[in-house]
Amino acid sequence: MRIEASFVTSATSAAGLPRDGLAEIALVGRSNVGKSSLINALARQRLARTSAAPGKTRLANVYRLARGNAAPFYLVDLPGYGYARGGPTGFDELVTAVFARNPAALLLVDVRHPGLESDRAAWDWVSAATADAAVVATKIDKLARGERIRAMGQHESVFDACVVPVSAVTGEGLEELWNLIDSLVNRRNRNSRPSRISRQPPKPTARFQEPPRIGSTTRQPLRTGPSKVEGRKR
Ligand code: GDP
């Protein structure tokens with residue numbers, strides 16, 4: 001399937017983030033977990049700079065991706081936590097500003113290190129900040145088959161959530177990850193619609209000073225079902 005991908009911006013604060021309302025997926029993980037490599041693997045091109053030297057910049061790097069006919073979205077690559085900055089206490093203003101925009105989120109963890117304290121703390125934070133969060137276990141190619149099964153079992157019991165194993169090197173798991181991304185983007189697009197509508201309430205007319213209750217309820221997009229909503233968008 002065709003993938004369109006481009007770098008959009010590097011932001012140091014909320015002011016630098018895009019304002020066009022596309023769905024966003026925040027990428028969170030320890031420095032060196034393989035975020036840049038995974039972005040490049042998803043984009044099928046070298047968009048993000050990979051490096052063995054962890055955690056220097058405090059930037060949110062924003063990429064715009066679209067696969068096939070699916071809706072485009074932003075991947076918001078957040079600064080890695082873990083090294084000198086001492087774990088998710090480094091979830092600073094920038095991270096808070098990104099999560100205030102109500103993104104979906106993927107927490108990346110190294111498949112070889114289940115249950116790290118910093119990853120658990122990050123998951124507590126992320127899963128409290130957004131309802132649409134999942135875990136991605138990176139560098140799966142570094143483990144032999146039997147080790148993978150054991151490690152994945154451990155990750156799943158630590159996070160009690162969907163954990164998708166991937167390798168940016170071999171491409172294993174990327175299709176599953178894309179499917180997960182599609183569903184997260186769809187949920188974001190559905191969930192964001194009522195707030196957009198509520199910003200433009202119907203104007204009162206001479207005959208109807210207030211919109212009738214039942215009428216306004218049936219206009220709520222979440223109640224009309226996904227197919228009608230998407231039809232309206234196009
Ligand atoms: P980031 O700091 O989270 O952006 O991590 P990078 O993408 O820069 O990756 C850190 C290191 O892990 C680099 O040396 C990558 O080549 C390596 N790496 C990343 N993903 C994979 C993977 O899926 N498999 C293997 N074997 N190495 C990986």
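Indexing begins at 1, ligand by ligand and atom by atom, following the structure's order.
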Is there a donor-acceptor contact under 3.5 Å from the side chain of Asn40 to the main chain of Leu47?
yes
Thr138 side chain vs Val109 backbone, donor-acceptor pair below 3.5 Å:
yes
Name every donor-acceptor pair, under 3.5 Å, that has one atom in a side chain of residues 167-177 and the other anywhere in the protein, sequence neighbours excluded.
unit_1: Ser167; atom_1: OG; unit_2: Asp141; atom_2: OD1; d: 2.7
unit_1: Ser167; atom_1: OG; unit_2: Val169; atom_2: N; d: 3.1
unit_1: Ser167; atom_1: OG; unit_2: Thr170; atom_2: N; d: 3.0
unit_1: Ser167; atom_1: OG; unit_2: Thr170; atom_2: OG1; d: 3.2
unit_1: Thr170; atom_1: OG1; unit_2: Glu172; atom_2: N; d: 3.3
unit_1: Thr170; atom_1: OG1; unit_2: Glu172; atom_2: OE1; d: 2.8
unit_1: Glu172; atom_1: OE2; unit_2: Arg148; atom_2: NH1; d: 2.7
unit_1: Glu175; atom_1: OE1; unit_2: Arg67; atom_2: NH1; d: 3.3
unit_1: Glu175; atom_1: OE2; unit_2: Arg67; atom_2: NH1; d: 3.3

Using distance alone, decide if ligand 1 has a nitrogen or oxygen within less than 3.5 Å of any nitrogen or oxygen in [X].
| X | result |
| --- | --- |
| Ala168 | yes |
| Ser37 | yes |
| Thr138 | no |
| Leu38 | no |

For Arg187, look at atom CZ and say whether over 12 heavy atoms of other residues, nucleotides or ligands are found less than 6.0 Å away.
no
Using side-chain heavy atoms (C-beta onward) and a distance below 4.5 Å, is Phe7 in contact with Ile39?
no
Atoms in ligand 1 with a heavy atom of Val169 nearer than 4.0 Å
22 (C), 23 (O), 24 (N), 25 (C), 26 (N), 27 (N)
Counting each atom of ligand 1 from 1 as listed, which ones have a heavy atom of Gly34 under 4.0 Å away?
1 (P), 3 (O), 5 (O), 6 (P), 7 (O), 9 (O), 19 (C)
May I ask whether Asp141 has any heavy atom positioned less than 4.0 angstrom from an atom of ligand 1?
yes
Of all the heavy atoms in Ser167, does at least one lie under 4.0 Å from an atom in ligand 1?
yes
According to side chain to side chain contact (heavy atoms under 4.5 Å, CB included), who are the partners of Ser127, at least two apart in sequence or on a separate chain?
Trp123
